2 protein chains.
Amino acid sequence: MKIGELARTTGANIETIRYYERIGLLPAPHRTAANYRSYGEAHRSRLAFVRHSRDLGFTIEEIRSLLDLSDHPERECSEADRIATGHLEQVEAKIAQLEALRGELSRIVGRCRGGLAGDCRVIEALGDHALCESPHA
Amino acid sequence: MKIGELARTTGANIETIRYYERIGLLPAPHRTAANYRSYGEAHRSRLAFVRHSRDLGFTIEEIRSLLDLSDHPERECSEADRIATGHLEQVEAKIAQLEALRGELSRIVGRCRGGLAGDCRVIEALGDHALCESPHA
DNA sequence: CTTGACCCTGTAGTTGCTACAGGGTGCATA
DNA sequence: TATGCACCCTGTAGCAACTACAGGGTCAAG
């Protein structure tokens with residue numbers, strides 16, 4: 001299959017696929033006589049793995065390690081679990097941070113009663129961190 | 001005050017302050033005879049506004065608009081409210097997305113029982129989106 | 001008079017793509 | 001046969017919002 005079809009069946013962008021190849025995340029496929037990339041099922045499932053992992057928020061370097069494990073089924077699985085657990089913790093931390101932020105923002109937005117910028121509570125609140133209730137950052 | 005002191009009193013990085021000046025977010029301050037930047041209270045409060053807004057997750061362009069309003073107190077405040085409300089909505093959307101992600105990730109992590117990578121449920125789950133419960137991306 | 005802390009400019013790196021520019025290939029249709 | 005169109009190629013530059021140098025100048029203390 002050519003790159004366009006691979007892109008369609010995985011939902012990845014063509015440029016992204018070439019980018020993954022360039023950074024060594026995907027192996028370089030065979031080329032046709034016209035120098036077109038030619039992919040097989042192994043490429044498709046590897047790309048699906050990458051896209052799925054990216055959608056779950058793993059970094060490229062984390063995915064590199066996970067792929068490496070996936071290529072060596074005789075190794076121990078603990079590294080994969082460590083990566084996933086660490087990532088989960090980061091996601092939870094990010095959620096907590098965004099929730100604090102949401103709290104401050106909705107307090108700020110709620111204060112606006114319309115009118116002139118000189119009296120604007122939104123702008124006032126942004127200028128003065130002391131008006132915040134919780135440590136959002 | 002020199003740039004180092006401004007950085008200390010606002011919590012901003014020196015390089016970041018110069019960066020803000022370069023992109024026109026902060027006005028260029030006076031220079032001493034030795035060509036050092038020399039800041040006053042107006043600079044400090046403007047930078048505090050910017051850092052606070054960044055901590056709340058506003059983009060540079062949003063902050064540009066907010067600063068512009070802050071510089072024109074005779075204008076209407078509605079734009080500030082529109083920006084803040086829009087940003088709040090984005091934060092809420094991001095939280096929802098991360099919560100879906102957390103759900104999938106904790107399901108995936110929970111499946112690992114140790115052992116070899118070849119049998120690893122974490123790696124299996126990453127390779128097969130169909131094993132997911134909810135549409136996380 | 002030298003050490004150290006501070007300041008300057010300009011440029012390049014970070015992450016994970018995305019968007020061209022400028023060209024080649026392959027197939028169907030007029 | 002020409003020609004139009006969809007597709008492919010490489011290489012480079014751009015995005016956000018910084019951060020990190022390299023290579024140099026300034027200034028006060030000991």
Side-chain angles (χ1 to χ4, degrees), chain A residues 1-26 28-39 43 46-67 83 86-87 90-91 94 97 101 137, chain B residues 1-26 28-40 43 46-47 49-67 83 86-87 90-91 94 97 101 137:
Chain A
M1 117 184 70
K2 284 185 285 183
I3 199 168
E5 193 186 338
L6 180 65
R8 274 190 298 279
T9 62
T10 57
N13 190 313
I14 290 181
E15 319 258 34
T16 304
I17 297 172
R18 287 199 280 246
Y19 168 70
Y20 287 162
E21 179 183 329
R22 205 160 56 241
I23 65 173
L25 204 59
L26 298 180
H30 290 119
R31 299 292 185 121
T32 69
N35 199 31
Y36 289 5
R37 288 171 180 82
S38 178
Y39 297 96
H43 290 103
R46 197 177 179 89
L47 177 54
F49 184 103
V50 171
R51 284 312 312 164
H52 190 200
S53 303
R54 284 293 300 131
D55 285 345
L56 287 168
F58 288 94
T59 67
I60 299 280
E61 289 316 305
E62 285 166 342
I63 295 169
R64 227 185 266 280
S65 303
L66 291 167
L67 280 172
I83 291 172
H87 181 52
Q90 277 190 33
V91 168
K94 188 75 191 173
Q97 191 211 330
L101 225 138
Chain B
M1 117 185 67
K2 283 185 284 182
I3 199 168
E5 193 185 337
L6 181 65
R8 273 190 300 278
T9 62
T10 57
N13 190 313
I14 289 181
E15 320 257 33
T16 304
I17 296 172
R18 288 198 279 246
Y19 167 71
Y20 287 162
E21 180 184 328
R22 205 159 56 239
I23 64 172
L25 203 60
L26 297 181
H30 290 118
R31 299 291 183 120
T32 68
N35 199 29
Y36 289 6
R37 288 172 179 81
S38 177
Y39 297 96
H43 290 102
R46 196 176 180 90
L47 176 55
F49 184 104
V50 171
R51 283 314 311 165
H52 190 200
S53 303
R54 284 293 300 129
D55 285 344
L56 287 167
F58 289 94
T59 66
I60 298 280
E61 289 317 304
E62 284 167 342
I63 295 169
R64 228 185 264 280
S65 303
L66 291 167
L67 279 172
I83 291 172
H87 181 53
Q90 277 190 34
V91 167
K94 188 76 191 173
Q97 191 212 330
L101 225 138

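Predicted model, so just to flag it, every value in this text is computed and none were measured. The sequence lines fix the lettering, A, B, ..., with proteins before strands; numbering per chain opens at 1.
- DNA chain C is contacted by both B:K2 and A:A34; B:K2 maps to the nucleotide lying nearer its 5′ end (nearest heavy atom per residue).
- Contact annotation for A:T59: backbone-only contact, meaning every heavy-atom pair under 4.0 Å involves sugar-phosphate atoms and none involves a base.
- One atom, OH of A:Y36, and another, P of D:dA6, lie 14 Å apart when rounded to the nearest Å.
- At the phosphate of D:dC18, neither OP1 nor OP2 sits under 4.0 Å from any side-chain N or O atom of B:R22.
- Between B:M1 and B:T9 there is a side-chain heavy-atom pair separated by less than 4.5 Å.
- Contacts between residues 5-21 of chain A and DNA chain C, defined by a heavy-atom separation below 4.0 Å, involve A:N13, A:E15, A:T16, A:Y19, A:Y20, listed by number.
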### Task
Please test B:Y19 against B:N13 for side chain to side chain contact (heavy atoms under 4.5 Å, CB included), starting from the C-alpha separation and ending with a verdict.
CA-CA 10 Å; B:Y19 167 71; B:N13 190 313; over 6 Å; no
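- Two residues are said to be in side-chain contact when any heavy atoms from C-beta on lie closer than 4.5 Å; B:K2 and B:R37 fail this criterion.
- The shortest distance between side-chain heavy atoms of A:Y39 and A:L47 does not fall below 4.5 Å.
- Residues B:R54 and A:R37 both approach DNA chain D. Their nearest nucleotides, taken by heavy-atom distance, put A:R37 toward the 5′ side.
- Across every non-hydrogen atom of B:L67 and B:L25, the tightest pair is CD1-O, 3.7 Å.
- Take B:R54 and apply the side-chain hydrogen bond (donor to acceptor under 3.5 Å, both in side chains) test, not counting sequence neighbours, and it matches no residue.
- B:I23 comes within contact range of no nucleotide atom at all, as no heavy-atom separation falls under 4.0 Å.
- Looking only at side-chain heavy atoms (C-beta outward), B:K94 and A:K94 stay at 4.5 Å or farther from each other.
- The rotation axes computed at either terminus of the helix from C:dC1-D:dG30 to C:dA30-D:dT1 lie 30° apart, taking five pairs at each end and rounding to 10 degrees.
- Among B:I60, B:D55, B:L56, the one residue that satisfies the side-chain contact (heavy atoms from CB on, under 4.5 Å) test with B:F58 is B:L56.
- B:R64 pairs by the side-chain hydrogen bond (donor to acceptor under 3.5 Å, both in side chains) definition with B:E61, not counting sequence neighbours.
- Under the side-chain hydrogen bond (donor to acceptor under 3.5 Å, both in side chains) criterion, A:Y20 pairs with A:R51, not counting sequence neighbours.
- Positionally, the nearest nucleotide of DNA chain D for A:R31 lies more toward the 5' end than for the other of A:R31 and B:F58.
- One can place CD of B:Q90 at 14 Å from P of D:dA16, the figure rounded to the nearest angstrom.
- Side-chain contact between A:H43 and A:L26 is absent, with no heavy-atom pair separated by less than 4.5 Å.
- Regarding B:L25, its CG atom lies at a distance of 13 Å from the C1' atom of D:dA16, rounded to whole Å.
- Protein chain A contacts DNA chain C over a range whose 5' and 3' limits, counting nucleotides with an atom under 4.0 angstrom from a non-hydrogen atom, are C:dG16 to C:dG26.
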